[in-house]
Every structure is written in C-alpha cells, then in structure tokens.
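These notes concern the structure reproduced below.
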Amino acid sequence: MVYAAIEGGGTKFLCAVYTPERKQIAQLRIETRTPQETLDACVQFFLPYQEQLEAIGIACFGPLELRQQSPRYGHILATPKAGWSDVDLRFPFRQAGFKQTIRVETDVNGAVLAEANWGAGKDCRNLVYFTVGTGIGGAALVDGSLLQGFAHPEMGHMRVRRLPEDLDFQGSCPFHGDCLEGLASGPAIASRWGMPAEMLPPEHPAWDLEAAYLAQMLQNTIAILAPERIILGGGISKQPFLIRSLRQKLAADLGKYWPEFDPMLQVLPSELKDEAGLLGALALAMGLA
C-alpha cells in the first residue's frame, strides 16, 4: 500500500509516492505548463503505482472549491495563473481510471497539516501557518480542524495599515492593490525596489518595511484566532534576520495586551521547509485532515 502526494505550484508540480511510514519511494518535478500538459504528466507518473495506491492527496495553489458537497469540489476558481481558472484537478485521474479517494486542499492547508503532524506545530490544536513568497497565504487549525467557511481563508489578502514611508507604492495585487500580498509578497518587493528579494542585502530598508507589514499580519491573526503557535514558510521567510526583526516588531505591536503570547517562542520557522507542501499532500492522502 502506498500514497500519492501532489504539491501544485505556479512554477512546478511535485509528485511523490510514499509508504505509510512516510518513506518516499519516488518523486518527479513537473514544470507548470497548461493544465492538460501538467496534469497528464502527473497521471503518467502515478500509473505504475495505480493498483497499489490507497489514496491521492493534492495540495495546490488556489483559490479552490473545497466544499465536498459542491459538484465543483476540487476545481481551481478565479486565479491570476493564466489558463488555470475552473480547472478540475481530479478529472484527469478519474479519466485515467483511478478510483481511489482524491482529497484536495490548498497548499497552505496542506502545509499546516504537515507541520501539525510532523513539524514545528506538533502537539498544537490551534495553529496558523503562513507562506511568504510569490504570494502570501495562510491556513489555520482551530481545535484540530482546518478552518473553512463559505470558502477557505485568504489571509494574504487581509488589509494592513500603510506605513508613512510607503505611501507612494501602489501595491502589486491585481485584485486589491495594496492588500498584504500587494505590499509584502516577493513580487511586491521586486516591484517596489527594482530587484528580487534574494538580491537585497540584510541592511536594505526593504527588510524593515517587510518585517513591519508581516508583524501587522501576525497581530491581526493573534487578535482573531489566538493560535498557540504561528509557523512561517516560503522563500521570503527563510531570511533569519527577517524573522528576528519580525518577532521584535510584533512584540512591540502587541504591547502588554497578550502576555500569554511570546513571539520569541511562538513564532517559528517551518521545520519541514521545502518538504512542507509534499508532506501536506501526504497528510491529505492519509486522511489526517
């Protein structure tokens, strides 16, 4: 018995086969092209394991229709990724004869499950995971269950207070302009400063601005969800100096209102790092949602 895990991203899809003991026995990277090309390549990768598969988990960029009672469950909704709106992520597998359960969640929902089971969020019933990179996304476990309402949360599109030194930047979000993602994502940094984040030295003013916006993100989250822990993933958050600055700014923003929350101990980098997405898909396949 093995499990199929798919991490669907805007630039690449990662496919992997795991044993129940979480041992990876095969993996393939597929460049994200058209939906048909990309998903057909995923199907071809798993065909040799079709008879052994127990279930399939897909953790994908969104937004997604995640209400299982909906006839469009597993569809990508209106997305800025060209050509991918209204794509049914499960259909190519059904067309190829896969009869296994196929569970679909957002990539960040998968990541929070992975961190809760095997990473920095172990033993937490109330946990939030943020990814900060090409976009900003967040997911929450509330009393051990994924937070889901009329849709899944889109924490990257929360509103934050514009900083006085940043009033001239219009924001990069095609939907909301200067929402959090429009001010603090990788494309926002590149647009504001004329070069990608990875080329900016630690002393560059971009990082002070970034930490301030992300501190607001975390303060809003603490005020609404009161999580036991917040985990940060994604390319931007890999900068150790950024997390240090973010913790300091968050502590100042919180004041003494929430003495129970210590940013130094409860805001943590991902333990699973680049594996969080695939392991999240595995958690879905294993029914750990």
Is there a chain of hydrophobic side chains (I, L, V, M, F, W, Y, each step under 4.5 Å between heavy atoms) that links [X] to [Y]?
X	Y	value
Leu47	Val2	yes
Ile189	Leu209	yes
Met158	Leu232	yes
Ile231	Met217	no
Leu225	Leu246	yes

Check your understanding: Is there a side-chain contact (heavy atoms from CB on, under 4.5 Å) between Phe261 and Gln219 once you walk through the steps?
Key -> CA-CA 11 Å; Phe261 192 93; Gln219 182 181 8; over 6 Å; no
Can you tell me if [atom1] on [X] sees more than 12 non-hydrogen neighbours from other groups inside 6.0 Å?
X	atom1	value
Glu275	CD	no
Met264	CE	yes
Glu51	CD	no
Tyr257	OH	no
Asp262	CG	yes
Glu37	CD	yes

For residues [X] and [Y], determine if any side-chain heavy atom of one lies less than 4.5 Å from a side-chain heavy atom of the other.
X	Y	value
Arg90	Val104	yes
Gln239	Ile243	no
Leu39	Val87	yes
Leu284	Ile58	no
Met286	Tyr3	yes
Leu278	Gln27	yes
Ser185	Ile136	yes
Phe46	Val17	yes

Would a distance-only check, ignoring hydrogens and angles, find a side-chain to backbone donor-acceptor pair under 3.5 Å from [X] to [Y]?
X	Y	value
Arg94	Phe98	yes
Ser245	Ala211	no
His75	Leu89	no
Glu228	Asn126	yes
His204	Ala206	yes
Gln100	Gln50	yes
His176	Cys173	no

What's the separation between atom [atom1] in [X] and atom [atom2] in [Y], rounded to the nearest 0.5 Å?
X	Y	atom1	atom2	result
Leu242	Trp207	CG	CH2	6.0 Å
Ile30	Thr11	CD1	OG1	12.5 Å
Asn109	Leu66	CG	CG	6.5 Å
Glu154	Phe175	CD	CZ	9.5 Å
Arg125	Arg229	CZ	CZ	14.0 Å
Leu141	Leu147	CG	CG	9.5 Å

Check your understanding: Between the side chains of Tyr73 and Glu65, does any donor sit under 3.5 Å from an acceptor?
Key -> no
Practice item. Go through Leu183 and Val160 one step at a time and tell me if the side-chain contact (heavy atoms from CB on, under 4.5 Å) criterion holds. Key: CA-CA 9 Å; Leu183 293 174; Val160 291; 3.9 Å; yes
Between the side chains of [Y] and [X], is the shortest nitrogen-to-carboxylate-oxygen separation below 4.0 Å, so that they form an ion pair?
X	Y	result
Glu271	Lys122	yes
Glu105	Arg103	no
Asp208	Lys249	yes
Asp40	Arg33	no
Arg29	Glu31	yes

Taking all non-hydrogen atoms of both residues into account, name the closest pair between [X] and [Y] and its distance.
X	Y	value
Ile56	Ile6	CG2-CD1, 4.4 Å
Ala120	Pro269	CB-O, 3.9 Å
Ala59	Thr106	CB-O, 4.0 Å
Cys179	His157	SG-ND1, 3.5 Å
Phe169	Ser191	CE1-OG, 3.6 Å
Ala276	Ser270	CB-OG, 4.4 Å

Practice item. Tell me, with the steps shown, if Asn220 and Ile222 meet side-chain contact (heavy atoms from CB on, under 4.5 Å). Key: CA-CA 6 Å; Asn220 291 341; Ile222 292 165; over 6 Å; no
Review point. Hey, which of Asp168, Asp166, Asp178 is the one that makes salt bridge (Lys or Arg N to Asp or Glu O under 4.0 Å) with Arg192?
Key: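 Only one option passes, and that is Asp166.
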Check your understanding: Taking it one step at a time, do Thr19 and Glu21 satisfy side chain to side chain donor-acceptor pair (under 3.5 Å)?
Key -> CA-CA 5 Å; Thr19 69; Glu21 295 75 33; 3.3 Å; yes
Exercise for review: Take Phe61 and Lys81 through the test side-chain contact (heavy atoms from CB on, under 4.5 Å) and record every step on the way to the result.
Suggested key: CA-CA 9 Å; Phe61 69 88; Lys81 181 67 177 174; 3.8 Å; yes
Review point. Are the aromatic ring centres of Trp84 and Phe13 under 6.0 angstrom apart?
Key: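 Yes - the distance between ring centres of Trp84 and Phe13 falls below the 6.0 Å cut-off.
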